[in-house]
There are 2 protein chains.
Amino acid sequence: MLSLTEENYLKAIYHLSDGGSKSVLTNEVADAMSTKPASVTDMVKKLSAKKLITYEKYYGVTITKQGKTDALNIIRKHRLWETFLVQKLNFHWDQVHEVAEQLEHIQSPLLIEKLDEFLNFPVADPHGHPIPDKNGKIHTGQQIPLCEVPGKKTVTVLAVNVKESSSFLQYLSKIGVYIGAKLAILDKAEFDGSIEIMIDGKKKVFVSKEASQNILVTP
Amino acid sequence: MLSLTEENYLKAIYHLSDGGSKSVLTNEVADAMSTKPASVTDMVKKLSAKKLITYEKYYGVTITKQGKTDALNIIRKHRLWETFLVQKLNFHWDQVHEVAEQLEHIQSPLLIEKLDEFLNFPVADPHGHPIPDKNGKIHTGQQIPLCEVPGKKTVTVLAVNVKESSSFLQYLSKIGVYIGAKLAILDKAEFDGSIEIMIDGKKKVFVSKEASQNILVTP
DNA sequence: TAAAAAGTTTAGACGAGTCTAAAAAATTAT
DNA sequence: ATAATTTTTTAGACTCGTCTAAACTTTTTA
Ligand SMILES: [Mn+2]
Ligand SMILES: [Mn+2]
Ligand SMILES: [Mn+2]
Ligand SMILES: [Mn+2]
């Protein structure tokens with residue numbers, strides 16, 4: 001049984017390690033969790049004692065099989081709740097993260113099972129992020145950042161990289177980008193990496209390199 | 001901003017004081033919270049410092065105006081979540097309490113506002129308990145325990161007194177009693193206070209004094 | 001490759017919430 | 001009205017999660 005705090009650390013380590021594929025340094029965790037490195041050291045010792053991560057002094061942590069399983073379950077809950085908030089309660093996609101950050105810690109397997117069913121077994125959350133199934137399996141198709149699309153074809157928005165701030169999401173809504181939107185690439189500016197796109201065949205806009213790196217589309 | 005623990009204490013004190021109408025002793029709180037009296041003393045000092053209760057050494061605590069408001073908000077959330085679990089996720093009425101005990105602490109006024117709307121502004125939870133409105137106002141009609149119904153009339157089940165255990169709720173389901181059921185009082189046994197009732201004009205059963213005290217009906 | 005810088009851990013402290021054991025106050029029984 | 005009993009509070013300790021300051025290790029720079 002993990003505490004709320006342990007769950008948050010474990011999830012952060014999972015994300016920082018790209019799903020367990022690389023090791024994570026103390027300072028990275030401290031940054032992500034907005035705590036001090038000393039606090040992280042204490043916590044990684046605890047998670048390590050619980051066999052959820054392996055910890056080598058001065059060289060960072062790696063997530064274990066069990067750690068991955070537990071992290072994925074928290075992520076599953078987080079994303080199911082986000083989906084509920086948007087689909088059933090009409091939250092906007094930039095309003096859900098903080099609430100889901102709380103809801104993900106509710107302990108009730110039955111609740112999650114029933115919520116999943118109520119939502120009709122969704123495969124992606126409002127930001128296009130895959131929802132792990134009850135066995136922790138993630139099935140995602142290929143996604144590439146808009147800035148890496150070769151040539152001038154038309155692509156579909158699959159997901160957005162959403163960090164702390166919700167202002168990027170608000171910006172996307174404002175210009176008309178949403179999950180499923182069709183983006184026709186019209187032009188690419190060499191000097192600043194910005195791209196001119198046509199959204200749903202209706203609206204022409206320029207998006208910065210920064211933005212186009214965080215819009216994930218069909219390859 | 002109250003901690004989860006403070007919220008649970010405050011709610012317990014609210015309930016033990018019958019909504020603020022009487023003062024509550026340290027040992028009663030300790031019993032209700034399954035903690036030790038020494039822990040209660042510590043906590044009531046904190047709640048008293050926050051002006052949510054008044055505390056007189058050796059003579060127990062009384063809830064303040066603000067304390068009542070805060071307690072009612074937690075109760076509102078608890079009951080809205082219970083309603084959600086039963087109406088939308090098909091939980092049984094004996095499965096919701098523990099989960100709602102967690103969900104009631106989620107901090108998001110927007111969430112509660114939208115949940116209330118999603119549920120169509122319910123006025124009672126699955127156990128027939130009134131849901132305070134967003135201003136903390138409770139509107140309940142008259143309710144009396146089944147055992148106190150005079151004569152042999154037919155009454156409607158309005159609510160059930162549900163304590164820790166869910167086994168009473170399971171028992172009620174088993175014999176066919178639910179919120180809204182019509183109970184015709186057929187006979188009352190003097191010697192043990194048990195009552196013979198006909199449920200929905202279909203099923204005859206005997207209920208104990210103990211049970212009939214915890215079934216609240218129309219007067 | 002030695003010095004400087006950056007990153008990490010340890011040591012010690014603190015607040016929240018809990019406990020046990022002992023002291024104090026209130027209640028009750030004699 | 002005093003003694004016995006019950007209730008409540010205090011004192012001191014413990015865990016969890018956090019912090020700062022100091023010590024230590026690794027990495028970078030010159
Ligand atoms: Mn969280
Ligand atoms: Mn998301
Ligand atoms: Mn609770
Ligand atoms: Mn209830």
Side-chain angles (χ1 to χ4, degrees), chain A residues 1-17 22-63 67 70-71 74 98 101-102 104-107 164, chain B residues 1-14 16-17 22-63 67 70-71 74 101-102 104-107 164:
Chain A
M1 191 62 219
L2 298 181
S3 71
L4 186 148
T5 312
E6 289 170 328
E7 289 194 343
N8 283 333
Y9 271 95
L10 186 63
K11 185 163 63 98
I13 291 168
Y14 177 89
H15 281 134
L16 290 168
S17 69
K22 61 183 193 197
S23 83
V24 181
L25 302 175
T26 302
N27 269 7
E28 303 178 68
V29 178
D31 274 8
M33 300 286 299
S34 303
T35 53
K36 303 294 167 180
S39 307
V40 174
T41 301
D42 286 346
M43 181 53 81
V44 298
K45 284 179 183 168
K46 283 180 58 183
L47 292 177
S48 164
K50 293 192 175 183
K51 310 271 189 199
L52 301 173
I53 58 178
T54 58
Y55 165 51
E56 209 181 336
K57 252 187 182 183
Y58 293 103
Y59 291 93
V61 299
T62 310
I63 201 159
D70 290 2
I74 302 161
E98 282 208 358
E101 203 56 52
Q102 299 177 60
E104 70 189 357
H105 304 289
I106 301 293
Q107 302 290 351
E164 303 304 302
Chain B
M1 192 62 219
L2 297 182
S3 72
L4 186 149
T5 311
E6 289 171 328
E7 289 194 342
N8 282 334
Y9 271 95
L10 186 62
K11 186 162 65 100
I13 292 168
Y14 178 88
L16 290 168
S17 69
K22 63 185 192 195
S23 83
V24 181
L25 301 175
T26 301
N27 269 9
E28 302 179 69
V29 178
D31 275 7
M33 299 285 300
S34 303
T35 53
K36 304 292 168 181
S39 307
V40 175
T41 302
D42 285 347
M43 181 54 79
V44 298
K45 284 178 183 169
K46 282 180 58 184
L47 292 177
S48 163
K50 292 192 176 184
K51 311 270 190 199
L52 301 173
I53 59 178
T54 57
Y55 166 51
E56 209 181 337
K57 253 188 182 182
Y58 293 101
Y59 292 93
V61 299
T62 311
I63 201 158
D70 289 2
I74 302 162
E101 204 56 52
Q102 298 177 59
E104 70 190 357
H105 304 289
I106 301 293
Q107 302 291 349
E164 304 305 302

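Basis for what follows: all heavy atoms, side chains included, without hydrogens, waters or symmetry-related copies. Numbered from 1 within each chain, the chains take letters A, B, ... in sequence-line order.
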Any A/S3 side-chain nitrogen or oxygen under 4.0 Å from OP1 or OP2 of D/dC16: no

Interatomic distance, B/L2 CG vs C/dG15 P [rounded to whole Å]: 20 Å

Contacts of A/E7 that satisfy side chain to side chain donor-acceptor pair (under 3.5 Å) - sequence neighbours left out: A/H105, A/Q107

Nucleotide D/dT15, atom P - distance to CD of A/E6 in whole Å: 15 Å

Listed partners of A/E101 passing side chain to side chain donor-acceptor pair (under 3.5 Å), at least two apart: A/K11, A/H97

Rounded interatomic separation in angstrom, taking CG from A/N27 and C1' from C/dT9: 12 Å

Heavy-atom check, side chain of A/V61 versus side chain of A/T54, under 4.5 Å: no

Nearest-Å distance for atom pair NZ/C1', residues B/K45 and D/dA11: 10 Å

Whole-Å distance separating the CD atom of A/E7 from the P atom of D/dC16: 16 Å

Residues that B/K50 engages under salt bridge (Lys or Arg N to Asp or Glu O under 4.0 Å), provided they are two or more places apart: B/E6

Partner residues of B/K22 under the salt bridge (Lys or Arg N to Asp or Glu O under 4.0 Å) criterion, sequence neighbours left out: B/D18

Side chain to side chain contact (heavy atoms under 4.5 Å, CB included) against A/K45, all qualifying residues, sequence neighbours excluded: A/T41, A/Y55

Interatomic distance where CD belongs to A/E56 and C1' belongs to D/dT25 [whole Å]: 13 Å

Summary of protein contacts for nucleotides 18-27 of chain C, nucleotide by nucleotide, where a base hit scores B, a sugar-phosphate-only hit scores S (4.0 Å, heavy atoms): BBB---BSSS

